[in-house]
Amino acid sequence: MTRQILVTSALPYANGHIHLGHLVEYLQTDIFVRFQRLRGHRVAYMCADDTHGTAIMIRAEKEGRTPEALIAEMSEAHQRDFAAFGVSFDHYGSTNSDANRQVAGGIWQKLVEQGLVVERAVPRLFDAEKGMFLADRFVKGTCPRCKTPDQYGDACEACGSTYPATELIEPRSVFSGSAPQLKDSKQFFVRLEPLQQKLTEWTQQSGALQPEVANYLKGHFLDKPLQDWDVSRPKPYFGFEIPGQPGNFWYVWFDAPIGYIASTVEWCAKTGQDVDQWWRNPDCEVVHFLGKDITYFHTLFWPAMLHCGGYSLPKRVHIHGFLKVNGEKMSKSRGTFVNARRYLDFLEPEWLRYYYASKLGPKIDDLDFQTEEFVGKVNSDLVGRVVNLASRSAKFVEQTGLSASYPDDGGLFARAAAMAETIAACYEACDFREATRLVMTLCDAANEYVEQKAPWTLKKDPTKARELQDVCTVVLNLFHQIMVYLTPVLPGLSAKAGALLGSAMDYWSLAQQPLVGRPVAKFTHMMARVEAARVSEMFTPEEPTPASIPAAAPSPTLEKEPLQPDITIDDFLKVDLRVAEVLEAKAVEGADKLLQLTLGLGGDVRRNVFAGIKKAYQPEQLVGRLVLYVANLAPRKMKFGVSAGMVAAAGTDGEVYLMSPDSGAKPGQRLH
RNA sequence: GGCAGGAUAGCUCAGCUGGUUAGAGCGGCGGCUUCAUAAGCCGUAGGUCGCCGGUUCAAGUCCGGCUCCUGCUACCA
């Protein structure tokens, strides 16, 4: 039966270029899509750029151009990168399109009609001088955590912490420089609680989600009343103004997934189809691919919107993990944060397609790009086992072509043909790792056959010309089958195989019938080998150009926590730093990071302090030692008691190093 | 601390509803071959299946407890 399947990949944000991490998703989706097409199903692969939001607006402003100009450029760059990797979208749209505005408006209308939109006043920061509310990114101030100045209102770039903009120290508007005030803002919320039952049913029983995802939702969200979702942002905002609510815009996450539908709308208009046949048709399967970071948008909000808007709920939401490189998170400083374009400067796209395919299973596990493994898979699997089959047989039949009838091969072809459905099931389940592994077993069998028949020996005996042709006919047919099975993963290589044998490579069942009595083209090189050095080179941070090398080598620690602006001696004297002796130290029940310290300041003066140093120090090793103590920090009430002041320590990224005075210092002495 | 996921050969992973000597690929080692993009073939060595207990005739496979890792979440000045 021909199925109708609408497939999406998450919309890449227009604020950055496509990198290897993105490609895990797009290549995975593309393999799935190409597989379905190969099976003869009707497939629409929809994607678009996600273009709205504050980040885009700020960046465009910084670069002195309109957001529209910025997103146009990014869309072009994204599509160029995707095309280079063979990602075969049927349509690539933009969330900043008329179609998207209309679909979003339609869904909004339905939400309003169903009484799911509520209006509420929320205190937000307000720039009185400019007369406007400030999005988090428009407020700058000192980070409440690490005290780095000049940080945005939502997150600190120095310490990575996030916080509400209202917690910033000395906040100011980036527009007027004035101190923002708190003022009630009109915000629109979508109520999700009325949909609780529907969502519970869909997440837990429809089979659309991987089991671990269903569990996650059940334990995290569905076990308590669902919170209303704040879907509006006051102007200025790059996005769509909410109909009838001047000055209020849909939050980027409201209209982003709607881009899936809008993209389909544009595609249908272009191709003369009815969009409802794709999005309001119970016989059409909607399948989303996305990363684990955006799970809950796609498994709670999005189905809620679809449901209310009268669209089909996804048949399947397939979630994947993140990309790591040689066991570690991708990192710009280590050079492992590699853009698609940089990859193309060093390596071949099909290598990556195969490598990812050979690693991707149906679960959410992260995928680790390991240099040696990559080289091994490409060189031994693809070149050594797959391509080598053609390479070691094609030239013997260049003159004669394939035998007129398929020779006896001991059942090899039939066995491989019989495996078609097993392999197909692996593709269907997104277990590409198993699919490619199975295909490799076919390669092994084929190579054994070559070894046994030794065509190079047959060639020496003119009376065995017929046998030589038969052997090569078998080998090339096994190669052809293998390439049919690998077509979703390696469309480029598949096309070359097709050209060699005159096969269209466009249908899964081509693997069922042997090719006979046809010419074989001259064998040409099909795939290069990888050099490990090229891969390493790609992952090596680029040398800064001479002009940009600063006079002094940058300090990595200073980069994490930049030096602070100058203060006066009076400022410094406000801080009362004392030598203190640790009299007691013990773990705090129920706290992972805290130790409770009793500090002595000489005589009987004692202070109780909770310090986040448990991971670095044992309580017993602290007792008796002298530490540096911030004596006049206002006491802070914590879950476990009141902490009076703090113990000074250095360190980033979880490291903790306590300060110690030289020997001879006495508890209670002040630092000058 | 809560929730979720994981812990099986050097590496990446399979092991479904419990059942003969625990598997694959890569890597290692030994040999063969030379048609082929220094490709291929054959053979071989590696595992107390995280730890402890339980259920069972029988447990990586089920149950309980523990340890460690990862992610989200919280307390963290």
Side-chain angles (χ1 to χ4, degrees), chain A residues 144-147 161 210-221 223 292-293 295-296 321-322 324 326-327 329 355 358-361 363-370 372-396 431 433-434 436-438 440-441 443-460 468 471-472 475 523-530 588-595 609-615 629-630 633-649 654 656:
Chain A
R145 297 284 168 94
C146 71
K147 307 293 191 278
S161 60
Q210 290 134 300
E212 56 265 54
V213 177
N215 287 343
Y216 160 75
L217 295 171
K218 190 174 165 189
H220 261 81
F221 301 98
D223 59 335
K292 63 185 183 183
D293 52 328
T295 296
Y296 87 125
F322 295 149
K324 292 185 168 183
N326 293 322
K329 284 185 184 173
Y355 180 67
S358 77
K359 302 270 289 178
L360 280 166
K363 294 200 210 163
I364 309 183
D365 306 330
D366 288 347
L367 189 159
D368 192 14
F369 187 116
Q370 298 184 88
E372 280 180 37
E373 189 186 37
F374 176 82
V375 172
K377 294 230 181 203
V378 172
N379 289 351
S380 14
D381 288 8
L382 291 184
V383 179
R385 296 208 262 176
V386 180
V387 174
N388 198 211
L389 283 171
S391 167
R392 66 197 306 204
S393 59
K395 69 171 189 186
F396 296 129
D431 194 351
R433 180 171 54 205
E434 182 65 5
T436 52
R437 195 189 67 78
L438 287 172
M440 285 309 132
T441 65
C443 290
D444 290 343
N447 274 306
E448 277 171 48
Y449 177 84
V450 176
E451 201 69 23
Q452 250 172 44
K453 298 293 178 181
W456 52 94
T457 310
L458 297 174
K459 186 186 63 171
K460 291 174 186 161
L468 176 64
V471 166
C472 292
V475 176
F523 180 79
T524 51
H525 204 264
M526 286 186 172
M527 177 172 279
R529 305 170 64 78
V530 202
V588 181
E589 185 143 357
D592 279 355
K593 300 181 184 172
L594 292 182
L595 289 183
V609 174
F610 290 98
I613 58 173
K614 182 177 176 183
K615 293 215 162 146
Y629 170 61
V630 185
L633 187 67
R636 184 164 165 120
K637 198 175 158 201
M638 293 166 52
K639 183 175 169 186
F640 313 102
V642 176
S643 183
M646 65 183 258
V647 172
V656 178

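Numbers restart at 1 for each chain; the letters A, B, ... are given by sequence-line order, proteins then strands.
Spacing of C1' atoms, B:G15 relative to B:G54, comes out at 24 Å, to the nearest Å. With P as the reference atom, B:G23 and B:A9 are 14 Å apart, rounded to whole Å. B:C29 and B:C13: their C1' atoms are spaced 23 Å apart (whole Å). Straight-line distance between the C1' atoms of B:U33 and B:U48: roughly 41 Å, to the nearest whole Å. To the nearest whole angstrom, the two P atoms, one in B:C63 and one in B:G6, are 13 Å apart. Rounded to the nearest Å, the gap between the C1' atom of B:G47 and that of B:A24 is 14 Å. Separating the P atom of B:U20 from that of B:G60 is a span of 10 Å, rounded to the nearest Å. If you take atom P in B:A7 and the same atom in B:A45, they sit 27 Å apart, rounded to whole Å.
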Can you give me the dot-bracket string for RNA chain B, 5' to 3', counting Watson-Crick and G-U wobble pairs with both distances under 3.5 Å, using [ ] for crossing pairs and | for partners on another strand?
(((((((..((((.....[...)))).(((((.......))))).....(((((..]....))))))))))))....
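Residues meeting the ring-ring contact (aromatic ring centres under 6.0 Å, His included) test with A:Phe322, sequence neighbours left out: none. For the side chain to side chain donor-acceptor pair (under 3.5 Å) test, no residue two or more places apart in sequence or in another chain qualifies with A:Gln210. With sequence neighbours excluded, the residues that form a side chain to side chain donor-acceptor pair (under 3.5 Å) with A:Lys377 are A:Ser358. Under the salt bridge (charged side-chain N to carboxylate O under 4.0 Å, His left out) criterion, A:Asp381 pairs with A:Arg385, sequence neighbours left out. Take A:Lys359 and apply the side chain to side chain donor-acceptor pair (under 3.5 Å) test, not counting sequence neighbours, and it matches A:Glu373. Every residue two or more places apart in sequence or in another chain was checked for a side chain to side chain donor-acceptor pair (under 3.5 Å) with A:Asn215, and none qualifies. The side chain to side chain contact (heavy atoms under 4.5 Å, CB included) check on A:Ala445 picks up A:Leu412, with sequence neighbours excluded. In terms of the side chain to side chain contact (heavy atoms under 4.5 Å, CB included) criterion, residue partners of A:Val383 (sequence neighbours excluded) are, by chain and number, A:Met527, A:Arg529.
Regarding A:Lys377, its NZ atom lies at a distance of 9 Å from the P atom of B:C26, rounded to whole Å. Separating the OH atom of A:Tyr216 from the C1' atom of B:G71 is a distance of 10 Å, rounded to the nearest angstrom. Between A:Asp293 atom CG and B:G5 atom P the separation is 19 Å, expressed in whole Å. The nearest whole Å value for the distance from the CG atom in A:Leu217 to the P atom in B:C72 is 16 Å. One atom, CD of A:Glu212, and another, P of B:C72, lie 16 Å apart when rounded to the nearest Å. Going from atom CG of A:Asn215 over to atom P of B:C3 covers 12 Å, rounded to whole Å. Rounded to an integer number of Å, the gap from A:Leu382 CG to B:G25 P is 17 Å. Here the C1' atom of nucleotide B:G71 and the CD atom of A:Gln210 are 15 Å apart, to the nearest Å.
If you check every strand for non-hydrogen atoms under 4.0 Å, A:Lys324 touches nothing.
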Once each nucleotide of nucleotides 8-18 of chain B is scored for protein heavy atoms under 4.0 Å, what B/S/- sequence comes out, 5' to 3'?
---SSSS----
In B/S/- notation (B base, S sugar-phosphate only, - none; protein heavy atoms under 4.0 Å), nucleotides 34-44 of chain B written 5' to 3' is SBBB-SBSS--
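In this entry the base of B:G31 is anti relative to its sugar, with a glycosidic angle more than 90° from 0. For B:G15, the O4'-C1' to base torsion is more than 90° from 0; the nucleotide is therefore anti.
Within the structure, salt bridge (Lys or Arg N to Asp or Glu O under 4.0 Å) pairs that include any residue of residues 447-457 of chain A comprise A:Arg392-A:Glu451 (at least two apart or interchain).
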What do the steps show when you test A:Lys292 against A:Asp366 for side chain to side chain contact (heavy atoms under 4.5 Å, CB included), and what is the final call?
CA-CA 9 Å; A:Lys292 63 185 183 183; A:Asp366 288 347; 2.9 Å; yes
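Ring orientation note: the planes of A:Tyr296 and A:Phe221 are close to parallel, at an angle under 30° on the 30°/60° scale.
Applying the 6.0 Å contact sphere to CD of A:Glu212 captures more than 12 heavy atoms from other residues, nucleotides or ligands.
For the side chain to side chain contact (heavy atoms under 4.5 Å, CB included) criterion with A:Val450, the lone passing option out of A:Asn388, A:Val475, A:Val471 is A:Val475.
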